[in-house]
Amino acid sequence: MKIATLSSYTDKPLADCTDLELFNALLSLVADATRERGYNQGKKRLYYISAEFLIGKLLSNNLINLGLYDSVRDELAACGRDLSALEEMELEPSLGNGGLGRLAACFLDSCATLGLPADGIGLAYHCGLFRQNFADNRQCESPDYWLRWGQDSWLRRTSRHFRVSFGGFDVTSTLYEIDVTGYEGKSGKLRLFDVDSADERVIHSGISFDKDDVTKNLTLFLYPDDSDDAGRLLRVYQEYFMVSNGAQLILDECQARGSNLHDLADYAAIQINDTHPTMVIPELIRLLGEHGIAFDEAVSIARDVCAYTNHTILAEALETWPKHFIEQVAPQLIPIIDQLDKLVRDSCEDPFVQVIDEHGNVHMANIDIHFSHSVNGVAALHTKILEDVELAPFYKLYPEKFNNKTNGITFRRWCIECNPELAGLITQTIGDDWKHDATRLEDLLAHQDDDGLLDQLSKIKRHNKERFAAWLRAHQGTEVDPDAIFDVQSKRLHEYKRQQLNLLWATNTYLQVKAGKLPERKVCMLFGAKAAPAYTIAKDIIHAIICLGKVVAADPVASQYLQVVMIENYNVTAAERLIPAADVSEQISLASKEASGTSNMKFMLNGALTLGTMDGANVEIAELVGKGNIYTFGEGSDEVIARYQRGDYDPRSYYEGDERLKEAVDFLRGPQMLEVGNAESLERLTEELLGKDWFMTFPDFDSYLTEKARVLNDVADQHSWQRKALVNIAKAGFFSSDRTIEQYNRDIWHLGVDSSRGCE
Ligand code: C3B
């Protein structure tokens with residue numbers, strides 16, 4: 001079948017269709033084209049289980065991957081219709097929070113593109129992560145009904161149903177699927193489960209809802225508020241629901257492909273994305289037991305099938321659940337977890353590595369490490385810290401399991417789609433091989449002295465800044481000046497990422513301007529971040545940023561030199577506009593704390609220069625681009641880890657010792673901020689910094705100021721700046737998720753590539 005034109009999917013001329021009718025026609029066109037190309041098949045299949053898949057809007061991405069973008073755009077244009085208007089009306093599926101979820105989405109894209117038989121497994125959240133808006137200069141949360149749009153959606157209901165038993169009751173579920181199109185190749189699927197009894201009427205005001213009625217609320221939200229036991233318990237219900245459905249599906253499918261279950265590892269690889277899906281291990285063992293496989297063999301099968309990725313060293317993110325929670329949610333897992341605990345206890349006495357600790361808490365990461373065959377970190381430094389420090393006792397037990405897989409991003413979305421002008425310039429300069437082999441971007445290095453090219457880079461950046469400014473105006477009514485330097489920090493709000501350090505810089509800059517020291521060029525600071533609803537200090541930081549923005553904007557002089565903007569409801573769609581427009585990429589986490597970071601890679605690919613600490617993947621970026629093409633500052637991870645170990649950090653000594661820091665901190669709770677802000681919130685933030693500053697912003701303050709001054713000074717010489725940007729673009733090839741996925745497959749999954757053509 002040859003894929004027809006869009007007009008063959010509508011029963012009237014395109015010009016007469018409503019936008020909604022056109023959108024639905026596009027959905028059908030894409031679905032047919034995807035089916036026509038076929039799905040990647042093979043004896044062994046990867047199941048990437050994850051609580052988050054931050055897939056972003058799919059229309060343009062699918063059209064590009066299917067090679068239909070230009071023809072559809074032209075067909076619409078010929079009838080006076082605009083594809084970008086249809087792109088605008090699509091709602092973004094908000095099925096993720098941050099880097100972890102976006103990584104999962106990039107990985108599915110790469111698996112599909114590389115011809116690997118692979119699916120994502122997760123939950124069909126009705127509202128996903130909350131929608132953020134600002135009122136009274138503070139974050140407010142509301143449900144994000146990404147499916148309630150009067151259109152069909154990418155989510156396809158299947159006829160497959162499962163039953164999941166919880167302590168005291170059962171639920172039934174339905175499998176939904178979203179096609180994951182590969183670039184000029186076949187497809188994979190994102191397979192999402194929903195509970196049949198879900199009922200959105202239990203949502204009260206905002207994102208609060210009846211936490212007790214699990215049959216109704218189970219799949220309504222990603223990461224329900226976990227500040228109380230009911231919320232925490234609900235997370236365990238969600239996790240078990242996800243893995244029980246997933247494990248049943250996997251066993252069914254592998255049997256259908258010919259597995260006798262003893263040989264499951266020849267048919268399935270399961271990648272456990274962070275600790276949320278950990279219960280898939282005991283669940284698999286339990287289900288294998290139901291199929292008559294003895295416990296010891298089932299453990300060994302599960303180990304051969306499962307692999308675990310660690311995404312953070314932050315203790316609070318390495319989940320532990322009270323055993324009685326699991327007993328309440330899935331009592332059938334308790335005998336298995338007890339036996340796993342005993343297996344570990346019998347072979348090793350170290351309390352650090354036990355499955356169940358002396359307080360009766362189950363350590364999910366510990367289950368993953370003992371009972372999977374691979375443990376990987378997500379950047380070289382992160383993996384080294386896992387091996388040498390955070391998971392050192394495990395590394396001693398199982399050195400052969402540990403490996404590094406530095407993260408990556410898909411260049412389809414993060415360049416070809418979001419920055420078409422840059423993609424066009426690259427292709428014009430070096431041909432289009434880079435679209436399949438990102439390392440070919442290095443061919444750009446031969447053009448470093450091409451003044452015309454550097455000039456074009458500069459023009460494209462300017463154009464992207466204008467495009468972003470127009471988008472922001474429409475999005476939240478804020479005006480930004482494309483002549484200003486766009487200095488961007490966009491990522492989840494977390495103290496370790498240190499948006500507060502950037503806030504202190506902005507405060508200092510404002511005070512400098514007030515003291516008559518005027519910068520050469522205006523800086524527009526753009527923040528994009530959501531704070532977890534129960535994370536008070538994170539919300540205080542957002543509040544302080546917004547308040548400072550108001551103070552600066554109200555000042556006729558300062559506002560000529562500085563602007564501080566918090567972008568509302570930062571998500572993939574916003575990132576796609578923002579990142580191509582950035583001049584400076586702020587990657588300023590406390591060294592040792594950011595496992596990898598992936599926005600650093602996206603900014604680099606889009607020609608922004610990194611201002612960062614030697615943390616996560618920044619270290620690898622610095623190695624690749626060389627000292628002259630990145631701006632680094634701050635203490636290194638060894639120093640930071642040693643300071644934590646000594647336990648002698650005293651923020652007050654830094655505060656007392658640096659007048660600029662003292663002034664900036666005092667300003668946060670001073671009269672001008674109090675005029676626009678909330679005293680309790682500003683006070684709490686200031687006290688947190690002075691009394692604790694757990695992520696050590698103060699020791700890096702001085703070097704941050706120095707290095708940021710250098711960055712802002714260097715932007716003025718656009719020729720030399722764009723040369724640096726070109727080196728960054730050229731060296732970004734290493735961070736293609738195609739490279740990452742090839743490494744996962746080579747070292748962990750061992751899937752065959754589906755190189756056949758045509759349909760399923
Ligand atoms: C993130 C980490 O914080 C990032 O450093 C990393 O790049 C990505 O994962 C992807 O590996 N992360 C997250 O977004 N959510 C978590 N719960 C844990 C880590």
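Both ligands and their constituent atoms are indexed starting at 1 by order of listing. Everything numeric here is computed off the predicted structure, so don't read it as measured data.
- Of the polar atoms of T312, none of the N or O atoms is found under 3.5 Å from an N or O of ligand 1, judged by distance alone.
- Ring-plane geometry between W321 and F325 is classed as parallel, the angle between the planes falling under 30 degrees on a 0 to 90 degree scale with a further cut at 60.
- Nearest approach of F53 to G120, heavy atoms of both residues: CZ-CA, 3.6 Å.
- Residue N407 has at least one heavy-atom neighbour below 4.0 Å for each of these atoms of ligand 1: 6 (C), 7 (O), 10 (C), 11 (O).
- Q587 pairs with exactly one of K491, Q489, R498, K497 by the side-chain hydrogen bond (donor to acceptor under 3.5 Å, both in side chains) rule, that one being K491.
- Residue, atom and distance of the protein heavy atom nearest to atom 19 (C) of ligand 1 are H311 O, 3.2 Å.
- Ring geometry for F633 against Y704 counts as tilted: the plane angle lies between 30° and 60°, on a 0 to 90° scale.
- The nearest heavy-atom contact from the protein to atom 12 (N) of ligand 1 is R492 NH2, 3.5 Å.
- Annotation: cation-pi geometry satisfied between K593 and Y644 (NZ/CZ under 6.0 angstrom from ring centroid, within 45° of ring axis).
- Residue contacts with ligand 1 include G597, since one or more of its heavy atoms lies under 4.0 Å from the ligand.
- Judged by the shortest distance from any of its heavy atoms, H382 lies outside the 4.0 Å radius around the atoms of ligand 1.
- Counting only heavy atoms of the protein, atom 5 (O) of ligand 1 lies nearest to E594 OE1, 2.6 Å.
- Under the 4.0 angstrom criterion for non-hydrogen atoms, Y496 is in contact with ligand 1.
- Looking at L100 against ligand 1, both its backbone and its side chain come within 4.0 Å, counting heavy atoms.
- At a 3.5 angstrom cut-off on N or O pairs, G101 does not count as close to ligand 1.
- An N or O contact shorter than 3.5 Å links S596 to ligand 1 by distance.
- Only the side chain of D274 comes within 4.0 Å of ligand 1, counting heavy atoms alone; its backbone N, CA, C and O stay farther away.
- For ligand 1, the atoms lying closer than 4.0 Å to a non-hydrogen atom of A595 are 5 (O).
- Between Y570 and F527, a ring centre-to-centre spacing not shorter than 6.0 Å is recorded.
- Under the side chain to side chain contact (heavy atoms under 4.5 Å, CB included) test applied with F411, the options T113, L441, D738, I416 reduce to a single match, L441.
- Atom NZ of K384 has 12 or fewer neighbouring heavy atoms from other residues, nucleotides or ligands inside a 6.0 Å radius.
- Aromatic ring pairs are classed by plane angle as parallel below 30°, tilted from 30° to 60° and perpendicular above 60°; the pair Y223 and H276 is tilted.
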